[in-house]
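For the numbers below, each heavy atom of this structure counts, side chains included, while hydrogens, waters and symmetry mates do not.
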Amino acid sequence: SGMHSKVLNQSATISNVTFVRPAKFYISGFTNIPHVTYFYIFLCFVYIMTVVGNVLLLSVIFLVKTLHTPKYMIVFNLALTDLCGSTALIPKVLDTFLFDNRYIVYEACLSCMFFVLYFGSVQSWTLVTMAYDRFIAICFPLRYHSIVTKPAIAAMLLFVWVVMLSLISCLVGLLDRLSFCGSLVIQSFYCDHGPTYRLACNDTSLNYTMANVVFIIIICCPPLLIALTYVCIAIALSRIASHKERVKALKTCTSHLILVAISYLPLLGTNIAVLTSSLHPNARIINSTLTHTIPALLNPIIYSLKTEEVLNSIRKICKNSRLTKIASSIS
């Protein structure tokens with residue numbers, strides 16, 4: 001019986017002190033979709049185009065002095081977060097599934113989660129800053145240049161980066177106190193916060209609360225604030241007498257409105273679908289992969305094509321380089 005009690009004691013101490021931090025998680029991703037490789041090839045293409053588009057936009061804004069305005073500081077910030085956000089997510093997803101590296105080291109999982117959420121949240125609030133810029137431009141046109149200054153926008157953007165840094169660090173940091181003694185299979189296509197913390201076997205109420213706080217701050221507040229600014233813009237526009245002026249003012253908002261629609265509608269749609277009905281895991285994964293990746297691809301395209309300034313600047317750069325070539329060939 002001495003031996004028996006010794007074994008019991010051992011198991012008791014084990015169960016008391018079992019705090020299990022796994023070495024690795026397993027990312028389940030898609031379950032038997034036919035021809036899923038095409039989807040990854042498509043993602044790969046999306047990523048290459050995202051990098052090309054955003055690097056182009058960043059370079060044009062950086063090189064052309066006339067684009068060094070508060071508005072383009074915000075566009076620059078958006079392109080930067082798009083580039084970083086896509087880079088944090090897509091290569092990892094392709095590595096996981098195309099090359100079948102489904103096991104991900106614990107620390108790598110948390111850091112991947114951190115960067116995807118961090119850049120996503122900064123992107124979200126950058127769209128709010130853009131709405132603010134349009135709001136002042138249309139509602140207080142005479143005071144626009146004294147309110148929307150480079151230092152003011154720089155301060156706003158810096159504030160967004162710092163606040164989101166602390167918020168997401170807190171969210172991801174709280175996972176570190178969780179013990180994973182059960183399944184280590186993450187039911188998603190990357191180290192997503194929800195599917196990861198739900199695997200824990202100790203108390204996750206704090207994580208749940210924090211997830212809701214972050215959800216409200218990143219996904220609910222920005223579109224609401226943007227909608228509010230557009231209500232004010234609509235009221236201001238309705239007071240403008242001539243139809244021509246109205247259209248002209250509205251035209252300066254179209255690219256922003258398209259970006260907002262692309263960024264939030266799929267997100268809100270997916271989340272509402274998850275809450276109201278049981279969305280098939282595969283459908284959810286494809287939907288959220290596209291939601292995470294397509295806006296970053298389209299932002300630079302919309303901004304370059306919708307704005308005369310950027311197009312003219314690109315033309316100017318091409319013209320100058322052609323002239324330099326001609327000059328060098330002559331000399």
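Both L98 and Y190 belong to a single network of hydrophobic side chains, linked directly or stepwise wherever heavy atoms of I, L, V, M, F, W or Y lie under 4.5 Å apart.
For an aromatic pair to be called close, the ring centres must be under 6.0 Å apart, and F39 with F97 fails this.
Atom NZ of K251 is separated from atom NZ of K248 by 10.5 Å, given to the nearest 0.5 angstrom. Summarising the geometry, atom CZ belonging to F119 is positioned 11.5 Å from atom CD1 belonging to I168; distances are rounded to the nearest 0.5 Å. Atom NZ of K71 is separated from atom CD1 of I136 by 15.0 Å, given to the nearest 0.5 angstrom. Summarising the geometry, atom CG belonging to D95 is positioned 9.5 Å from atom CD1 belonging to I27; distances are rounded to the nearest 0.5 Å.
Summarising the local packing, NE2 of H68 is surrounded by more than 12 heavy atoms from other residues, nucleotides or ligands at distances under 6.0 Å. For OH of Y208, the number of neighbouring non-hydrogen atoms (other residues, nucleotides, ligands) closer than 6.0 Å is 12 at most.
Between the side chain of S166 and the backbone N or O of V162 there is at least one donor-acceptor pair closer than 3.5 Å. With S124 contributing its side chain and G120 its backbone, the two residues share no donor-acceptor pair below 3.5 Å. Here the side chain of R102 pairs no donor or acceptor atom with the backbone of Y26 at under 3.5 angstrom. A donor-acceptor distance shorter than 3.5 angstrom exists from the side chain of T129 to the backbone of W125, with no hydrogens or angles considered. The backbone N or O of V260 lies less than 3.5 Å from no partner atom in the side chain of S263, so there is not a single donor-acceptor pair. Side chain of S86 to main chain of L83: no donor-acceptor pair is present (N/O by atom type, distance under 3.5 Å, no hydrogens or angles).
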- side chain to side chain contact (heavy atoms under 4.5 Å, CB included) assessment of I302 paired with I262: CA-CA 11 Å; I302 289 164; I262 292 167; 3.4 Å; yes
- Item | From CA spacing to verdict: side chain to side chain contact (heavy atoms under 4.5 Å, CB included), T81, W161 | CA-CA 10 Å; T81 50; W161 282 93; 3.5 Å; yes
- Message: Show, in sequence, the C-alpha distance, side-chain angles and deciding distance for C84 and F115, and conclude whether the side chain to side chain contact (heavy atoms under 4.5 Å, CB included) test is met.
- Response: CA-CA 8 Å; C84 296; F115 285 114; over 6 Å; no
- Might you work through the side chain to side chain contact (heavy atoms under 4.5 Å, CB included) test for I138 and C253, ending with a clear yes or no? CA-CA 9 Å; I138 290 170; C253 299; 3.4 Å; yes
- Item | Test log, rule ring pair (Phe, Tyr, Trp, His ring centres under 6.0 Å), inputs H256 and Y230 | CA-CA 11 Å; H256 180 248; Y230 274 104; 5.7 Å; yes
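The stretch residues 171-184 participates, sequence neighbours left out, in these side chain to side chain donor-acceptor pair (under 3.5 Å) pairs: R21-D176, Y106-D176, R177-N207.
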For a quick test of your reading: what N or O donor-acceptor pairs under 3.5 Å do the side chains of residues 41-65 make, sequence neighbours left out?
from	atom 1	to	atom 2	distance (Å)
Y47	OH	T87	OG1	2.9
T50	OG1	V46	O	2.6
N54	ND2	T50	O	2.9
N54	ND2	A296	O	3.1
S59	OG	V55	O	2.4

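A disulfide is not assigned to C232 and C139, since their SG atoms are no nearer than 2.5 Å. Cysteines C112 and C191 have SG atoms no closer than 2.5 angstrom.
Side chains of F189 and L89 form a contact here, defined as non-hydrogen atoms less than 4.5 Å apart. Side-chain contact between V231 and I235: present, with at least one pair of heavy atoms (C-beta onward) separated by less than 4.5 Å. For the pair P70 and T149, the minimum side-chain heavy-atom distance is 4.5 Å or more.
Remark: F159 pairs with no residue by the ring-ring contact (aromatic ring centres under 6.0 Å, His included) rule, at least two apart or across chains.
Tested against F180, the residues Y197, F25, F19 include a single ring pair (Phe, Tyr, Trp, His ring centres under 6.0 Å) partner, F25.
When only modelled atom types and interatomic distance are considered, T204 and R198 share no side-chain donor-acceptor pair under 3.5 Å.
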